[in-house]
Amino acid sequence: MLQVSTKLVFEFLSFGFNPVIVVDTFSGDKINRYLETLYQHDENLAIKIIGLYTTDEELKRRLDLRTSPEFKDFPICKRLNASKPGGFHPQLLTEPYLTISRHTALQSCSYLF
């Protein structure tokens, strides 16, 4: 699926859409493979990686608002929320984490662009 996603990113860029935002948990080291694939297509590509984080209380509240059959497993979501993706990729060491506990998606985006 990551290869399909990278192709989709470049299709959007070829049509002039910018920025292209990709949302994924990128658990484990998936982000490293994803970045390698993107940079193979264009080594000068400007990429920002932003980690989103929320409090346990807000995470629980948001999961409780989900309707079936959406994913609602709190322990797994909590573990994903607490983990910084990607391990030791150099770019990940300097990228920000955005706390989304008290902000809407639109407010969060305004901090990024």
Q: Enter the distance from Ile31:CD1 to Ile47:CD1 here, rounded to the nearest 0.5 Å.
A: 8.0 Å
(Q) Rounded at 0.5 Å granularity, tell me how far CG in Leu35 sits from CD in Gln40. (A) 11.0 Å
Q | Listed partners of Ser5 passing side chain to side chain donor-acceptor pair (under 3.5 Å), at least two apart | A | Tyr34
Q: Identify whether Leu38 and Phe15 are in the same connected component of the hydrophobic contact network (ILVMFWY, side-chain heavy atoms under 4.5 Å).
A: yes
Q.
Could you see if Tyr39 belongs to whatever hydrophobic cluster contains Val9? Use Ile, Leu, Val, Met, Phe, Trp, Tyr and a side-chain cutoff under 4.5 Å.
A. yes
Listed partners of [X] passing salt bridge (charged side-chain N to carboxylate O under 4.0 Å, His left out), at least two apart:
X: Lys7; result: none
X: Asp24; result: Lys30
X: Arg33; result: Asp29

(Q) Do Leu13 and Leu45 make a side-chain contact, defined as non-hydrogen atoms from C-beta onward lying under 4.5 Å apart? (A) yes
Anything under 3.5 Å between a donor and an acceptor, one on a side chain of residues 69-78, the other on a protein residue two or more places apart or in another chain? List them.
unit_1: Glu70; atom_1: OE1; unit_2: Thr67; atom_2: N; d: 2.8
unit_1: Glu70; atom_1: OE1; unit_2: Thr67; atom_2: OG1; d: 3.4
unit_1: Lys72; atom_1: NZ; unit_2: Arg66; atom_2: O; d: 3.1
unit_1: Asp73; atom_1: OD1; unit_2: Ile76; atom_2: N; d: 3.3
unit_1: Lys78; atom_1: NZ; unit_2: Asp56; atom_2: OD2; d: 3.2

Q) Are Arg62 and Glu58 ion-paired here, with the side-chain N under 4.0 Å from a carboxylate O? A) yes
Q: Sequence neighbours left out, what passes side chain to side chain contact (heavy atoms under 4.5 Å, CB included) with Leu8? Give chain and number order.
A: Phe12
